[in-house]
Amino acid sequence: MTQTSLLFSRFLIACLLGGGLGIFYDLLTVFPRCLRHLTDGIFVLALFACGLYLGFQICEGDLRLSYSAGLFAGFLLWHNTLGSLLRRVISRISRFLGGIFSQIWMICKKTAKNISVFCKKTFAIVKK
C-alpha cells in the first residue's frame with residue numbers, strides 16, 4: 001500500500017511539470033501563425049516526454065490518473081494566473097519583433113529585386 005504523503009508529493013511534482021508545460025506553451029506562441037501546426041507538434045512531443053518522465057522516472061511505473069490530472073491542473077493553474085501576465089509581455093515582444101522582421105523582409109525583397117534587375121541587364125549585355 002502506498003503512503004499518502006508519497007502520492008501527494010508525486011501529485012505536486014506533476015503540477016509543477018504541468019506549470020512548466022504552460023510556460024513552454026506560452027513561449028511557443030511567439031512564433032507566427034503560419035508555424036502554429038509545427039509549434040503545436042513540438043508541444044505535443046514535450047507533453048509526451050513529460051508524461052513519460054513523470055510516469056516512469058518520478059512515479060517509478062506506478063501510473064495513476066491523478067498524476068495526469070496533476071499535469072493538467074498545473075497547466076491550467078499557470079494559464080489562468082501568471083500566464084496571463086506573461087502572455088501580455090510575450091505579445092508585446094512579438095509585435096515589436098514582427099515589426100522589425102517585416103522591415104527586414106521588405107529590405108531583402110527590394111535588394112533581391114535590384115539584384116535580379118542588375119543580373120538581367122548584365123546578361124542581356126553579354127548576349128549582345
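The figures that follow rest on heavy atoms only: side chains count, while hydrogens, waters and symmetry mates do not.
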Item to check | Same cluster (ILVMFWY, side-chain, under 4.5 Å), L63 and I13 | outcome: no

Side chains of residues 69-84: which donor-acceptor partners sit under 3.5 Å, not counting sequence neighbours?
from: W78; atom 1: NE1; to: D26; atom 2: OD2; distance (Å): 2.9
from: H79; atom 1: ND1; to: R87; atom 2: NH1; distance (Å): 3.1
from: N80; atom 1: ND2; to: L76; atom 2: O; distance (Å): 3.3
from: T81; atom 1: OG1; to: L77; atom 2: O; distance (Å): 2.5
from: S84; atom 1: OG; to: T81; atom 2: O; distance (Å): 2.9

Next on the checklist: Just to verify, what does L27 make a side chain to side chain contact (heavy atoms under 4.5 Å, CB included) with, not counting sequence neighbours?
Outcome noted: I23, I90

Next on the checklist: Let me confirm one number: the CG-CD1 distance from L52 to I58, rounded to the nearest 0.5 Å.
Outcome noted: 12.0 Å

Name each donor-acceptor pair under 3.5 Å that joins a side chain in residues 37-51 to protein atoms two or more places apart or in another chain, with its distance.
from: T39; atom 1: OG1; to: L35; atom 2: O; distance (Å): 3.4
from: T39; atom 1: OG1; to: R36; atom 2: O; distance (Å): 2.9

Next on the checklist: Give me each pair satisfying side-chain hydrogen bond (donor to acceptor under 3.5 Å, both in side chains) with a member in residues 41-63, each pair once, sequence neighbours excluded.
Outcome noted: R10-D62, D62-R64

Item to check | Partner set under side chain to side chain contact (heavy atoms under 4.5 Å, CB included) for L65, not counting sequence neighbours | outcome: none

Checklist entry - Listed by chain and number, what are the side chain to side chain contact (heavy atoms under 4.5 Å, CB included) partners of T4, not counting sequence neighbours? => result none

Item to check | Neighbour count >12 (heavy atoms, 6.0 Å) for atom OH, Y67 | outcome: yes

Next on the checklist: Just to verify, what does F11 make a ring pair (Phe, Tyr, Trp, His ring centres under 6.0 Å) with, not counting sequence neighbours?
Outcome noted: none

Item to check | Check against side-chain contact (heavy atoms from CB on, under 4.5 Å), N114 and F118 | outcome: CA-CA 6 Å; N114 290 337; F118 175 76; over 6 Å; no

Next on the checklist: If you apply the rule side-chain contact (heavy atoms from CB on, under 4.5 Å), what do you find for S66 with L7, and how did you get there?
Outcome noted: CA-CA 9 Å; S66 61; L7 294 175; over 6 Å; no

Checklist outcome for this item: residues 99-111 vs salt bridge (Lys or Arg N to Asp or Glu O under 4.0 Å), sequence neighbours excluded, gives none

Checklist entry - Taking only residues two or more places apart in sequence or in another chain, which ones pass side chain to side chain contact (heavy atoms under 4.5 Å, CB included) with C108? => result I104

